[in-house]
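Below you'll find the structure, written out as structure tokens, and then a few comments.
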Amino acid sequence: MSDFTPNEMMTIAAARALKNDDVCFVGIGAPSAACNVARLTHAPDITLIYESGTIGTRPDVLPLSIGDGELCETALTTVAVPEMFRYWLMGGRISIGFLGAAQLDRFGNINTTVIGDYKNPKVRLPGGGGAPEIASSCGEVFITLKQAPRAMVERIDFFTSFGHGEGGDHRQRLGITTKGPTLLITDLAIWRPDPETKEFTVRSLHRGVTRDRVEATCGWKVRFADALDETPEPTDLELTTLRELQARTKAAHEGGGRS
Amino acid sequence: MSDFTPNEMMTIAAARALKNDDVCFVGIGAPSAACNVARLTHAPDITLIYESGTIGTRPDVLPLSIGDGELCETALTTVAVPEMFRYWLMGGRISIGFLGAAQLDRFGNINTTVIGDYKNPKVRLPGGGGAPEIASSCGEVFITLKQAPRAMVERIDFFTSFGHGEGGDHRQRLGITTKGPTLLITDLAIWRPDPETKEFTVRSLHRGVTRDRVEATCGWKVRFADALDETPEPTDLELTTLRELQARTKAAHEGGGRS
Amino acid sequence: MAKFLSLADAVRQNLHTGDTVAFEGFTHLIPHAAAHEAIRQGIADLTLLRMTPDIVYDQMIGMGLAKKVIFSYAGNPGVGLLRRMRDAIENGYPRAIETVEHSHSAMAQAYEAGASGLPLAVFRGYKGAGLPAVNPDIRTVTCPFTGEELAAVPAHRPDVTFIHAQKASAKGDVLVEGIVGVQKEAALAAKRVVVTVEEVVPDFKGLHPNLCILPHWTIDAIAVVPGGAHPSYAHGYYVRDNAAYLDWDGISADRDAFAAWMKANVLEVGPEVFASRVEGLK
Amino acid sequence: MAKFLSLADAVRQNLHTGDTVAFEGFTHLIPHAAAHEAIRQGIADLTLLRMTPDIVYDQMIGMGLAKKVIFSYAGNPGVGLLRRMRDAIENGYPRAIETVEHSHSAMAQAYEAGASGLPLAVFRGYKGAGLPAVNPDIRTVTCPFTGEELAAVPAHRPDVTFIHAQKASAKGDVLVEGIVGVQKEAALAAKRVVVTVEEVVPDFKGLHPNLCILPHWTIDAIAVVPGGAHPSYAHGYYVRDNAAYLDWDGISADRDAFAAWMKANVLEVGPEVFASRVEGLK
């Protein structure tokens with residue numbers, strides 16, 4: 001395969017983790033690209049749900065917002081937002097929820113709320129949106145993130161959403177019955193929680209990535225699996241699909257500007 | 001005016017009590033006829049809501065059931081039943097609720113559940129349906145009833161819906177903020193609750209009805225207002241409207257039978 | 001994932017002895033054909049859940065399939081009482097049944113809570129009413145903000161919900177329109193969902209975006225049964241058979257007349273008769 | 001009862017200093033024209049309620065109208081942060097604001113509870129999350145059937161809700177379609193409701209029976225403002241002005257650039273400019 005960027009590898013690795021019968025709660029950005037690449041390649045029947053209420057969308061271009069008209073126009077049906085959160089998310093009908101993070105810890109706990117103290121924040125971030133309940137109601141949670149020491153931290157400043165807490169059976173102790181974060185896909189590697197401790201462990205390095213580079217871009221002491229794989233590089237189909245999707249998206253959004 | 005039946009008088013008297021800006025939760029039978037006569041005479045903009053979810057219906061014929069197709073076809077919009085009970089009834093948007101009764105007491109408490117003991121009933125009646133919450137959530141409740149000693153009783157066998165309880169401020173003591181039964185229209189008379197005791201008091205007798213007849217058909221000791229009116233008899237327009245509505249209804253329902 | 005099956009297979013694979021089952025449809029789209037199939041298969045000891053038991057449960061109760069009925073209005077709409085249900089409650093014929101009685105508001109919200117994955121519905125209701133004294137499933141919670149005592153009932157979580165709908169797409173998505181009742185909620189509240197439909201269309205392209213559609217992955221089985229709601233109706237297909245509702249009052253008044261009617265019109269026929277029953281109602 | 005008014009009168013008669021107000025619309029149909037009118041009238045000390053404060057509240061906060069914001073996601077969708085809101089929170093500029101933060105699920109259900117006349121929403125949420133520790137309005141109730149501890153938040157009951165919709169009928173009924181968001185709930189939860197619409201049509205005859213329609217008697221005032229959602233969009237009328245959302249990041253990054261932009265594009269113009277803003281977006 002020709003050259004590809006770390007971001008492309010991240011998106012395509014995330015796409016591969018999705019199955020044809022998955023029902024995904026899709027966020028904007030990398031998750032949206034990953035879900036739609038999956039739909040346009042190996043998972044044509046995957047159900048994509050955006051929290052704006054659109055169920056079973058098949059957008060031709062990626063939305064800029066969670067509620068673009070394209071999502072509604074290509075959806076099987078569009079429901080009200082309270083129904084989305086009650087019947088579809090809380091009702092336990094979503095198999096995969098995607099989350100991004102401003103800060104992530106080794107147990108998949110996420111902060112997108114504040115940097116610094118909540119009452120007197122250094123940076124006020126957007127906040128959780130649907131994340132607190134996505135993290136607890138979806139069957140599993142996939143996290144995508146560009147590695148950086150200030151993003152992958154020893155201790156997050158705020159628990160926007162709960163991953164595995166302090167690890168181990170912390171979720172069960174809180175009465176949460178879903179699996180929580182089962183996959184972390186970064187621009188450098190694929191991580192999965194240790195079955196016992198729930199600490200994210202590197203299972204696969206993307207092509208050309210070294211252990212050192214993973215360690216240098218992560219704020220906690222990285223654990224590597226004993227048998228470390230190399231992530232299969234993007235296929236022609238995957239890369240072409242992603243790039244064409246992004247090209248269509250760019251053209252559409254620029255075309256949609258003011259006259 | 002030509003002759004009219006006690007039932008016609010009851011229906012027309014109920015129709016007159018409705019205002020053009022009322023929002024009515026309509027039951028089948030006399031209430032449905034009354035609401036539609038009001039709509040076809042002095043209250044053209046009255047909003048009629050049937051618990052099947054149809055809002056702002058304008059049926060040409062009276063429905064046999066609460067969910068006839070005619071109601072949906074002529075409605076402004078049709079919502080799901082949970083929404084009907086949550087946003088529209090519990091939300092406090094209904095000004096007038098109509099209730100009928102198998103048994104009624106002098107304080108407007110109603111039984112449509114059982115005759116005899118609840119656990120071992122002599123007669124199992126249909127039960128309350130929407131009535132328990134209609135009685136507490138609508139701004140006011142109108143009751144229509146054909147007088148009979150076994151219908152208007154000293155003590156009802158079961159509190160399907162709460163009227164004024166033991167009278168006085170019993171509603172307020174239960175934390176109910178709506179007015180409850182404010183009008184009882186029978187085939188013989190118009191009754192209103194006493195402002196203090198809340199006991200239903202005869203305010204107006206229909207044409208040709210005597211006090212004795214009211215007393216003979218009522219199981220409790222009847223109170224009459226000091227100044228007793230005679231209910232104005234049906235006008236030509238009222239009676240024609242009602243009879244034409246019923247004729248259309250009869251023709252439609254017979255025509256709707258099996259081939 | 002929705003499988004297209006014969007009605008007999010759809011019922012056999014999804015409804016089992018002892019199940020809690022809802023056959024829903026608020027006056028409109030009542031799944032009569034599915035109920036008749038359950039009667040033919042003799043699936044018994046059922047807990048029947050439905051706002052308005054109506055003729056459909058009067059028949060199931062009369063045939064002895066029900067051990068318990070959870071409901072809010074047990075009448076023949078616009079006609080009168082349900083005589084088979086009364087006979088079961090008042091005389092234990094053909095068997096005694098337990099009843100759990102709610103208001104419409106409670107039933108509708110209990111389905112809504114079930115669809116939402118919640119253990120209970122919280123609402124303002126039952127004030128001054130007699131049901132809380134006879135139904136231990138009506139309890140209260142106290143609002144931590146205002147101190148108000150609110151009613152609480154357990155969410156409905158049937159093992160199976162049966163509904164009748166206008167259309168399925170080839171993929172198995174289902175469209176319900178007109179008086180939509182509690183069908184979406186009853187379906188989403190259930191562990192298994194069986195839908196009878198008037199017809200299958202290739203897809204739902206061109207439909208308004210906000211219609212009531214159940215995606216194929218929320219449904220277990222679909223059976224095509226034209227007329228399958230009769231004597232209830234299907235908006236856009238056929239009208240309500242009011243005469244049949246009126247007739248039922250007489251049929252159900254007598255145990256033998258009922259048994260004979262059920263034998264001739266349910267036990268000895270199949271779902272294909274429903275199409276002919278709505279011929280004159282279009 | 002809905003009155004047709006100019007936008008200036010609709011805002012003046014319904015929004016007062018110190019009110020709790022929701023301008024709702026989930027990405028779609030955001031009532032920007034109404035918010036600009038509130039800014040021109042300088043109605044201050046507002047408690048702003050909205051799931052996604054978005055550009056519309058970034059502008060109101062930046063102009064100093066807000067004393068408190070109740071929200072669940074304070075971002076510029078698809079672009080980044082809300083810089084005026086950040087400036088208010090981090091630096092108290094142009095005034096300090098109080099924030100009350102929820103999850104989307106809580107906000108949506110709080111509107112739903114408000115529409116239902118309830119004092120609270122009860123749901124399964126916030127498990128393990130940090131917000132309950134910093135928001136005293138997040139409490140719990142215990143299910144009397146299962147013992148499960150569930151989250152509870154107070155119902156939203158705004159003094160006024162503003163929404164933008166596609167159509168009003170001559171009578172004042174309002175149609176919302178496409179991504180319907182929380183508009184119906186936000187409107188029904190409010191004491192007063194003001195709607196801006198793209199156009200008025202004679203009636204709603206021929207519409208599908210199950211669409212999202214607010215009857216005229218649930219609405220206080222309607223103002224016809226074509227393009228009134230810009231730079232948000234109106235399904236069937238014009239598309240989202242993505243470029244404006246991208247531009248906002250730069251405009252809002254600088255206090256003076258923001259002030260100049262607001263002067264030129266809000267303070268010195270009227271609602272009629274919205275029609276021209278969507279000309280190229282159809």
Side-chain angles (χ1 to χ4, degrees), chain A residues 28-29 51-54 63-73 78-86 89-90 109 111 113 118-137 158-163 165 170-171 174-176 252-254 256-259, chain D residues 26-28 51-52 71-82 85-86 89-90 99 101-106 108-109 111-112 115 123-131 133-134 148-149 178-185 212 231 233 235 239-246 277 279-281:
Chain A
I28 293 301
E51 64 193 9
S52 55
T54 56
L64 185 69
S65 82
I66 207 96
D68 277 18
E70 168 94 358
L71 297 175
C72 176
E73 282 154 20
T78 298
V79 302
V81 165
E83 176 180 327
M84 175 52 61
F85 284 99
R86 284 179 75 82
L89 180 61
M90 194 163 63
N109 304 301
N111 173 25
T113 302
Y118 184 80
K119 296 289 178 194
N120 291 293
K122 215 173 105 203
V123 184
R124 173 66 230 199
L125 299 167
E133 285 79 23
I134 290 171
S136 57
S137 295
F158 190 86
F159 267 57
T160 304
S161 65
F162 188 83
H170 199 171
R171 283 178 78 83
L174 294 188
I176 307 173
H253 289 167
E254 283 172 359
R258 282 159 297 175
S259 59
Chain D
F26 199 88
T27 310
H28 180 216
M51 293 180 68
T52 56
F71 74 102
S72 46
Y73 184 84
N76 179 347
V79 179
L81 304 174
L82 290 177
M85 185 166 170
R86 276 188 61 184
I89 294 173
E90 295 170 12
T99 57
E101 188 169 1
H102 286 288
S103 68
H104 274 354
S105 185
Q109 297 188 64
Y111 278 124
E112 205 274 356
F123 61 105
R124 189 179 286 122
Y126 287 126
K127 293 212 171 164
L131 281 177
V134 296
E148 181 178 352
E149 201 172 76
I179 290 177
V180 295
V182 292
Q183 281 95 308
K184 187 179 201 170
E185 290 75 16
C212 176
Y233 71 105
H235 189 106
V239 301
R240 191 168 187 265
D241 190 350
N242 285 325
Y245 280 88
L246 293 165
R277 286 177 183 160
E279 277 296 317
L281 297 164

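Note on naming: letters A, B, ... go to the chains in the order of the sequence lines (proteins, then strands), and numbering restarts at 1 for each one.
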For the backbone of A:Gly69 and the side chain of D:Tyr233, can you confirm whether one donor and one acceptor N or O come within less than 3.5 Å of each other? yes
Polar side-chain atom of D:Glu90 near backbone of A:Arg124 as donor-acceptor pair, under 3.5 Å: yes
Could you check if a side-chain atom of A:Phe85 sits within less than 4.5 angstrom of a side-chain atom of D:His104, using non-hydrogen atoms only? yes
Can you find a pair of side-chain heavy atoms, one from D:Pro77 and one from A:Leu64, that are under 4.5 Å apart? no
Does the side chain to side chain contact (heavy atoms under 4.5 Å, CB included) test come out yes or no for A:Phe158 and D:Val134, once each step is laid out? CA-CA 10 Å; A:Phe158 190 86; D:Val134 296; 4.0 Å; yes
Interatomic distance, D:Arg240 atom CZ to A:Glu70 atom CD [nearest 0.5 angstrom]: 13.5 Å
Between A:Thr78 and D:Val180, is there a side-chain heavy-atom distance shorter than 4.5 Å? no
Under 4.5 Å from any heavy atom of chain A, what part of D:Tyr126 do you find: side chain, backbone, both or neither? both
Heavy-atom closest pair, residues D:Gly128 and A:Leu174: CA-CD1, 3.7 Å
To the nearest 0.5 Å, what is the distance between CD (D:Gln109) and CE (A:Met90)? 4.0 Å
Part of A:Val123 lying under 4.5 Å from any heavy atom of chain D: both
Can you tell which of D:Met85, D:Arg86, D:Met51, D:Glu101 has the highest number of heavy-atom pairs within less than 4.5 Å of chain A? D:Glu101
Name the member of D:Ala129, D:Gly181, D:Gly78, D:Cys212 that forms the most heavy-atom pairs with chain A at distances under 4.5 Å. D:Gly181
The interface call for A:Lys122 against chain D, heavy-atom contacts under 4.5 Å, is backbone
With chain A as the partner, which of D:His102, D:Glu112, D:Gln183, D:Lys127 has the greatest number of non-hydrogen pairs under 4.5 Å? D:Lys127
Taking all atoms of both residues into account, what is the closest heavy-atom pair of D:Thr27 and A:Ser65, and its distance? CG2-OG, 2.6 Å
D:His28 side, atom NE2; A:Leu71 side, atom CG - distance, nearest 0.5 Å: 12.0 Å
Who among D:Gly80, D:Ser103, D:Gly75 has the most heavy-atom pairs with chain A under 4.5 Å? D:Ser103
Does any heavy atom of chain D fall under 4.5 Å from the side chain of A:Glu51, the backbone, both, or neither of them? both
Of the backbone (N, CA, C, O) and the side chain (C-beta and beyond), which part of A:Ser52 lies under 4.5 Å from a heavy atom of chain D, both, or neither? both
Should A:Glu133 and D:Arg124 be marked as a side chain to side chain contact (heavy atoms under 4.5 Å, CB included) after you check the CA-CA gap, both sets of side-chain angles, and the distance that decides it? CA-CA 8 Å; A:Glu133 285 79 23; D:Arg124 189 179 286 122; over 6 Å; no
Closest non-hydrogen atoms of D:Leu81 and A:Pro126, given as atom of the first, atom of the second and distance, are CD2-CD, 3.2 Å
Starting at CD of A:Glu73, measure out to CD1 of D:Ile179 and round the result to the nearest 0.5 Å. 9.0 Å
Part of D:Phe71 lying under 4.5 Å from any heavy atom of chain A: side chain
